[in-house]
Amino acid sequence: MAKKRYRHQKITLTWVHILPLLFIVGVVPLLVFAKAVPLTDYEAWLFYQTGFRLDFFSYYKSLYFVLAWLTQGAIMVYLWRSKLVDFEFDWMDALIGVYSILVIASALRAQDSTVAWRGFVELHQGVMVLIGYGMLVFFGRHLLRSKVQIQAIIIVLVVSSMVVFGIGLSQFLERDWFQTTIAQYIMLPPVLHERIGELKFTFTRGQIYATMYNTNFVGSYMVLIIPLAFVLVLYHRKFKFFALTTIYFIAMVVILLGSRSRAGFFGTVPVLVFLVLVTSPLWIKRLKDFALFLLVVGGFVYGLNHFVDENILTRFTNNILDEFAIEDYDPDRVKFEKLTIDGHALEIFTNDQDLRIRYDVNQFIFETIDGRRIGTNRDGNTITLVNPLYDEFKFIVQASEHRLHVYAYHTDFYLYFIEEGFALVGVGGVEQRIDNPLRFSLLEGREQMASSRGRIWSLAIPLLRNSVIIGYGPDHLPHHYPQRDFAGRFNSSATASSRITAHILAHNMYVQIAVNTGVLSLILILTWIVVYLVNAFKLILKSRLNSFESLISLGVFSGIIGYLIAGVFNDQIISVAPVFYAFLGFGYGLNTRLKQQVQNI
């Protein structure tokens with residue numbers, strides 16, 4: 001470790017010195033305000049529109065996050081240059097610097113500089129946001145030094161998460177705050193006030209999305225907060241504090257269950273089991289409190305399950321078993337392997353039968369790939385094939401719409417005949433281009449695993465071959481993901497609308513980071529995390545959980561573990577990621593204080 005630059009520290013760091021950091025963890029996740037974001041050409045194509053897209057959940061979170069971390073950086077530079085505080089810089093800070101360089105290098109490589117710096121519409125994780133994530137770890141390691149600061153962060157997190165609870169509860173009870181006139185008056189800029197009362201968010205009624213852009217990210221947020229709420233219950237022996245923290249814990253559980261985020265549930269349950277085991281010596285000493293805690297929490301969850309939202313736990317359990325099943329829903333189902341269009345000819349390749357459809361002299365011709373003609377039966381506009389090997393195919397000619405409605409195995413789609421030849425409806429509309437991308441072989445046949453994440457991962461993972469050192473660019477996964485993979489969409493999507501939905505998320509934060517800023521940047525981030533986790537675990541064991549810092553450290557440690565588990569299924573998103581990286585920096589600061597305490601034992 002580097003030697004101290006200055007021998008004496010002239011001031012004691014307090015909560016005032018980390019005000020921007022408090023703003024990031026407490027206010028940024030709550031920001032919801034409309035911004036008409038001008039679209040680049042690719043964004044406009046991807047969203048099947050032109051002009052702009054109205055963003056509520058990401059643009060202003062991104063903007064104020066960047067302003068806040070820059071302000072925090074300015075405060076730190078002032079303290080350093082004024083010789084008011086002595087900072088020790090080491091190899092971990094160097095890794096954060098290398099990560100920032102990789103982010104910038106990826107942005108310079110990016111094919112769309114606007115997206116690289118601003119971030120993709122609705123995501124808004126451009127260069128400055130991604131560098132900011134690293135800076136949060138940097139600030140936490142060097143600025144979090146006092147118990148007062150730790151208490152300030154806890155208070156801000158509790159207040160912020162209770163605001164999330166209030167908004168989420170309104171959505172759970174189908175009285176969504178964001179559907180009220182006053183909320184829309186606040187969220188919409190004056191130029192859009194004429195749309196008050198028309199604004200609707202397309203989430204399932206009664207499902208909590210809070211201020212997090214998507215219900216899945218509510219789960220990621222709760223994975224961080226719930227372990228912290230659990231350890232707060234243990235902090236004080238006074239009954240009033242015990243009762244309040246128990247109520248707070250229940251409120252956070254309600255948000256998790258109301259979000260119906262299976263990834264969040266998947267990350268929280270093992271973490272809570274771990275917490276109960278680790279803290280069992282403390283609970284044994286307070287057996288009556290533990291029994292009361294279990295009785296109250298269990299009774300509330302039981303009441304929620306049976307009287308408020310019937311069978312919510314049963315649905316959770318069944319959905320988890322289905323969504324995270326290792327095998328496809330129907331492993332024997334015929335799979336589409338490839339589709340190609342060459343003028344007025346479409347070739348369909350499956351693992352069962354292949355078929356070529358041609359249009360010649362005002363008629364459709366059906367044949368095998370090697371050119372053998374297949375006889376047809378026609379009843380009005382409906383065409384079937386004589387050969388019994390093609391019993392799963394049926395075609396309806398819709399001449400007025402200039403298209404052929406194709407039914408094949410477990411799906412159906414429209415084949416348009418335009419002047420240039422055949423075309424399919426994809427993300428960007430009717431077009432002839434088809435992607436037949438490389439797939440990750442280990443996920444072959446598992447396209448529907450985890451709500452079709454299997455297909456998304458199988459297409460995104462091969463992109464890593466070209467992003468080992470430098471990524472494709474911040475928020476550039478949508479640009480390089482094969483959006484025109486019709487065969488894959490037919491295999492995994494049940495509805496026509498889902499087959500034309502743009503994929504802008506990897507649904508896995510590790511793949512997302514590696515594609516956008518490079519595999520090396522992911523390794524650096526994981527290094528920050530692993531170093532923290534190893535040191536924290538050792539210090540927590542040595543501390544025997546006999547101090548405020550040790551309990552909070554256990555909550556932060558557990559929350560980070562849960563977030564990493566949920567990250568297998570959820571992306572890194574501006575609504576939650578700042579809280580996660582602040583937690584990581586917070587954890588490093590706690591480690592410093594715990595190390596001092598352990599040495600004094």
Counting only heavy atoms from other residues, nucleotides and ligands, does the tally under 6.0 Å from [atom1] of [X] exceed 12?
X: Phe203; atom1: CZ; result: yes
X: Tyr78; atom1: OH; result: no
X: Tyr510; atom1: OH; result: yes

Mind checking what makes ring-ring contact (aromatic ring centres under 6.0 Å, His included) contact with Phe300, not counting sequence neighbours?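 ring-ring contact (aromatic ring centres under 6.0 Å, His included) check on Phe300 returns nothing, list empty.
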
About how many Å separate [atom2] of [Y] and [atom1] of [X], when rounded to the nearest 0.5 Å?
X: Phe265; Y: Met222; atom1: CZ; atom2: CE; answer: 15.0 Å
X: Phe217; Y: Met212; atom1: CZ; atom2: CE; answer: 11.0 Å
X: Leu136; Y: Phe139; atom1: CG; atom2: CZ; answer: 7.0 Å

Reference residue Tyr563; test ring pair (Phe, Tyr, Trp, His ring centres under 6.0 Å); the match among Phe580, Phe557, Phe583: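 One option only clears the test, and that one is Phe580.
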
Might you point out which heavy atoms bring Lys61 and Val28 nearest each other, and give the distance in Å?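 Residues Lys61 and Val28, closest heavy atoms: CG-O, 3.2 Å.
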
Single hit among Leu541, Leu590, Ile540 for side chain to side chain contact (heavy atoms under 4.5 Å, CB included) with Leu554: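 With Leu554 as partner, Leu541, Leu590, Ile540 yield a single side chain to side chain contact (heavy atoms under 4.5 Å, CB included), made by Ile540.
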
When the ring planes of Tyr213 and Phe57 are compared, do they come out parallel, tilted or perpendicular, using 30° and 60° as the limits?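 Correct class here is perpendicular.
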
On the 0 to 90° scale, with breaks at 30° and 60°, tag the Phe65-Tyr133 ring pair as parallel, tilted or perpendicular.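 Ring orientation, 0 to 90° scale: tilted.
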
Which residues pass the side-chain hydrogen bond (donor to acceptor under 3.5 Å, both in side chains) test with Thr279, not counting sequence neighbours?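 Thr279: side-chain hydrogen bond (donor to acceptor under 3.5 Å, both in side chains) contacts with Trp283.
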
